[in-house]
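Quick notes on the structure that follows.
Values below: every heavy atom of this structure, side chains too, minus hydrogens, waters and symmetry copies. Residue numbers start at 1 and run along the sequence shown. This one's a predicted model, so the numbers in the text were calculated from it and none came from an experiment.
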Amino acid sequence: MVVLTVSLDLPFAQKRWCGAANIDRVITLSDYQERSFGQAYGVLVKELKLLCRSIFIIDDKNLIRYIQFVPEITHEPDYAAVIGAVKNLV
């Protein structure tokens, strides 16, 4: 399993955040330059210049198996639901 996180943060800021949170097994990707991920997946909030919090679970055939859009940008995702969705795929 591979965990990716995509944000509009610059790579140095992502690295700093991972270091502060002791995260070392997540691949961070920056959508800062082109915002192509945000546009392609419908998660770009143009007015705020942010990506909405969302989780996509993609299987080994590149099919999206689960999507969660967090309704309020200041809220955390429902991690229990995400873990349940991952367990259903394994």
Side-chain angles (χ1 to χ4, degrees):
M1 179 183 340
V2 176
V3 177
L4 307 171
T5 183
V6 182
S7 76
L8 295 182
D9 291 336
L10 292 170
F12 76 87
Q14 293 174 330
K15 185 176 180 177
R16 185 179 60 224
W17 178 82
C18 286
N22 291 323
I23 294 173
D24 60 0
R25 295 176 19 176
V26 172
I27 297 169
T28 58
L29 303 169
S30 177
D31 197 27
Y32 177 77
Q33 292 269 338
E34 313 232 351
R35 292 174 168 73
S36 57
F37 175 85
Q39 291 176 15
Y41 283 81
V43 295
L44 180 63
V45 183
K46 291 180 184 179
E47 308 81 44
L48 299 175
K49 296 184 173 97
L50 295 172
L51 300 178
C52 78
R53 286 190 174 196
S54 54
I55 295 178
F56 296 87
I57 297 175
I58 302 171
D59 69 12
D60 58 352
K61 295 178 177 75
N62 290 325
L63 296 173
I64 297 174
R65 307 300 242 158
Y66 176 88
I67 300 173
Q68 182 184 132
F69 295 107
V70 180
E72 173 56 48
I73 206 157
T74 60
H75 294 166
E76 293 284 328
D78 180 351
Y79 295 114
V82 174
I83 291 169
V86 169
K87 286 181 179 179
N88 285 336
L89 292 177
V90 180

Note to self: Please determine whether residues I58 and V90 belong to a single hydrophobic cluster, defined as Ile, Leu, Val, Met, Phe, Trp and Tyr linked transitively by side-chain heavy-atom distances below 4.5 Å.
What the structure shows: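 Different clusters: I58 never reaches V90 through Ile, Leu, Val, Met, Phe, Trp or Tyr contacts under 4.5 Å.
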Check: Linking I/L/V/M/F/W/Y whenever their side-chain heavy atoms sit closer than 4.5 Å, directly or via other members, would I27 and L51 fall into one cluster?
Finding: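 Result: yes, single cluster for both.
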Just distance, no hydrogens or angles: give the donor-acceptor pairs under 3.5 Å from side chains in residues 1-8, sequence neighbours left out.
residue	atom	partner	partner atom	Å
S7	OG	D9	N	3.1
S7	OG	Q14	NE2	3.0

Pairs satisfying salt bridge (Lys or Arg N to Asp or Glu O under 4.0 Å), at least one member in [range], at least two apart:
{"range": "residues 51-79", "value": "R53-E76, D59-R65"}
{"range": "residues 36-52", "value": "none"}
{"range": "residues 12-28", "value": "none"}

Next item on the list: Please collect all ring-ring contact (aromatic ring centres under 6.0 Å, His included) contacts where either partner lies in residues 15-41, sequence neighbours excluded, each pair once.
Entry: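 Counting only pairs at least two positions apart or across chains, the ring-ring contact (aromatic ring centres under 6.0 Å, His included) contacts touching residues 15-41 are F37-Y41, Y41-F56.
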Note to self: Could you check whether any side-chain heavy atom of I67 comes within less than 4.5 Å of a side-chain heavy atom of I55, counting everything from C-beta outward?
What the structure shows: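 No, side chains not in contact.
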Note to self: Tell me every residue that passes side-chain contact (heavy atoms from CB on, under 4.5 Å) with C52, counting only those two or more places apart in sequence or in another chain.
What the structure shows: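 In terms of side-chain contact (heavy atoms from CB on, under 4.5 Å), with neighbours along the sequence ignored, C52 is linked to V43, V45, S54, F69.
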Item checked: Nearest-0.5 Å distance that lies between atom CG in D31 and atom CD in Q39 ->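 Rounded to the nearest 0.5 Å, the CG-CD separation comes to 8.0 Å.
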Margin query: Within this structure, what is the CG-CD1 distance for the pair L89 and I57, rounded to the nearest 0.5 Å?
Written below: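 One gets 6.0 Å once the value is rounded to the nearest 0.5 Å.
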Notebook entry, point to check: Closest heavy-atom contact between Q68 and A81?
Noted result: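 Looking at all heavy atoms of both residues, the shortest contact is NE2-CB, 4.2 Å.
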